[in-house]
Amino acid sequence: MRYDKDLFFSYLAQTSSSPLAIEIDYAEGIYLTDTTGKKYIDLLSGIAVSSTGHRHPAVIKAIESQLAKHLHVMVYGELVQSSQARLAEALCALLPPGLDSVFFVNSGSEAVEGALKLAKRFSGRTEIVSFGNAYHGSSHGALSVMGKEHLKQKFRPLLPMIRQLSFNCTADLHQISTDTACVIIEPVQGEAGVIPAQLDFILRLRQRCNETGALLIFDEIQTGLGRTGTLFAFEQYGIVPDVLLLAKAFGGGLPLGAFIAGKHTMNCLSHSPALGHITTFGGHPLSCAAALANLEIIHGQQLHLQAELIAEVFIQKLDGLALIQEIRYKGLLMAIEFKDAETNMAVINKCLELGLLTDWFLFRQSALRIAPPLTMTKEEANCAAELLAQAIYSVQ
Ligand code: PMP
């Protein structure tokens, strides 16, 4: 078994000098099992992906049914594929009327790229507005709208005409103008360590976009599909974005992303130039079949309501522990803030030892991430929270 780890370090491109490097053998429900047989409760869900748990039987069944029919047949947008059409129909039925046209892609970053291009093409404008501490992905366009300079610096030049405003700062919003093609925002900033947008800020932002004709893009790649306590986080603000981005949990464990807009807006991608935005594998039939089953589970079982209940179990157990400076959360997207990154690291390592898989946030290394599958039961949450509390005590 040592062999695979050697191969991992020898042949796979490394993204940091300290990967977790646990050798995964098997995953089911909220559990990951490594090659030594050690079981971990998954508090990460592959970073907000496995919301219906690993290998949900209905998702596996949907994949198997599609497997018996066809795999890839043609680039996205040419042939009628039932798995894509049925998923788009089901998704739009759960969205407000203004969001009724779906463009499938493969990942979150690609959804961001597609949406930025759509906004430029639709508006004929060039400026793009994003926010400090925002994370939208690693591709060039997505990196251009990221709100952390240290990850951008070495990759410049990036997209021109990016205007970055302060998150939750209403006073900055007047800078959105009739030159602005779009504003891209996470309703809850994930990688910043779970920072929800304030209601008055979003209401004012929606209003400013209406005044200027800038498209409002909600990046719900991490917050979508029930993670924050409603099916989509935008519902909590009583507004509808012009473009909605999904990925991560959308594919039920398979790669899938989408940008969704009104038909009138989306139609501009079909001409002048035609084929101006295309993708070979976007909306892969296996991913779409899995995504439909996954969506039916989340909506059918109202897993978004479960998110709130499970979050409360963690809060009850952890609130008041001496080492914890703050608990921030929206549904089951939670950040436990410690005084520094070293303390957090020590807790994370102790968690791993105790059989709890967790991590820090990209832009907030002093905060520990709790984003387990939404299928986690209260008993399982109790057990996980108990182990986490033990890890925290051991570090004090
Ligand atoms: N937007 C947000 C809010 C994200 O959290 C992520 C991934 N962490 C992305 C975009 C990029 O998604 P992907 O990694 O699938 O490209």
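What you see below is based on every heavy atom in this structure, not just the backbone, and it leaves out hydrogens, waters and symmetry mates. What you see is a predicted model, and the numbers here were worked out from it, not measured in a lab. Counting starts at 1 for both ligands and their atoms, following the listed order.
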task: Kindly say whether the aromatic ring centers of Phe122 and His264 come within a distance under 6.0 Å.
output: yes
Quiz item: Taking the six-membered ring where the residue is Trp, are the ring centres of Phe361 and Tyr135 under 6.0 Å apart?
Solution: no
Sorted by chain and residue number, the side-chain hydrogen bond (donor to acceptor under 3.5 Å, both in side chains) partners of Gln84 (sequence neighbours excluded) come out as none
Sorted by chain and residue number, the salt bridge (Lys or Arg N to Asp or Glu O under 4.0 Å) partners of Glu342 (sequence neighbours excluded) come out as none
Judged by atom type as modelled, is there a donor-acceptor pair below 3.5 Å linking the side chain of Gln66 to the main-chain atoms of His70? yes
Members sharing Ile278's hydrophobic cluster, built from side-chain contacts under 4.5 Å between Ile, Leu, Val, Met, Phe, Trp and Tyr, are Leu275
In chain-and-number order, ligand 1 lies under 4.0 Å from a heavy atom of each of Ser107, Gly108, Ser109, Tyr135, His136, Gly137, Glu186, Asp219, Ile221, Gln222, Lys248
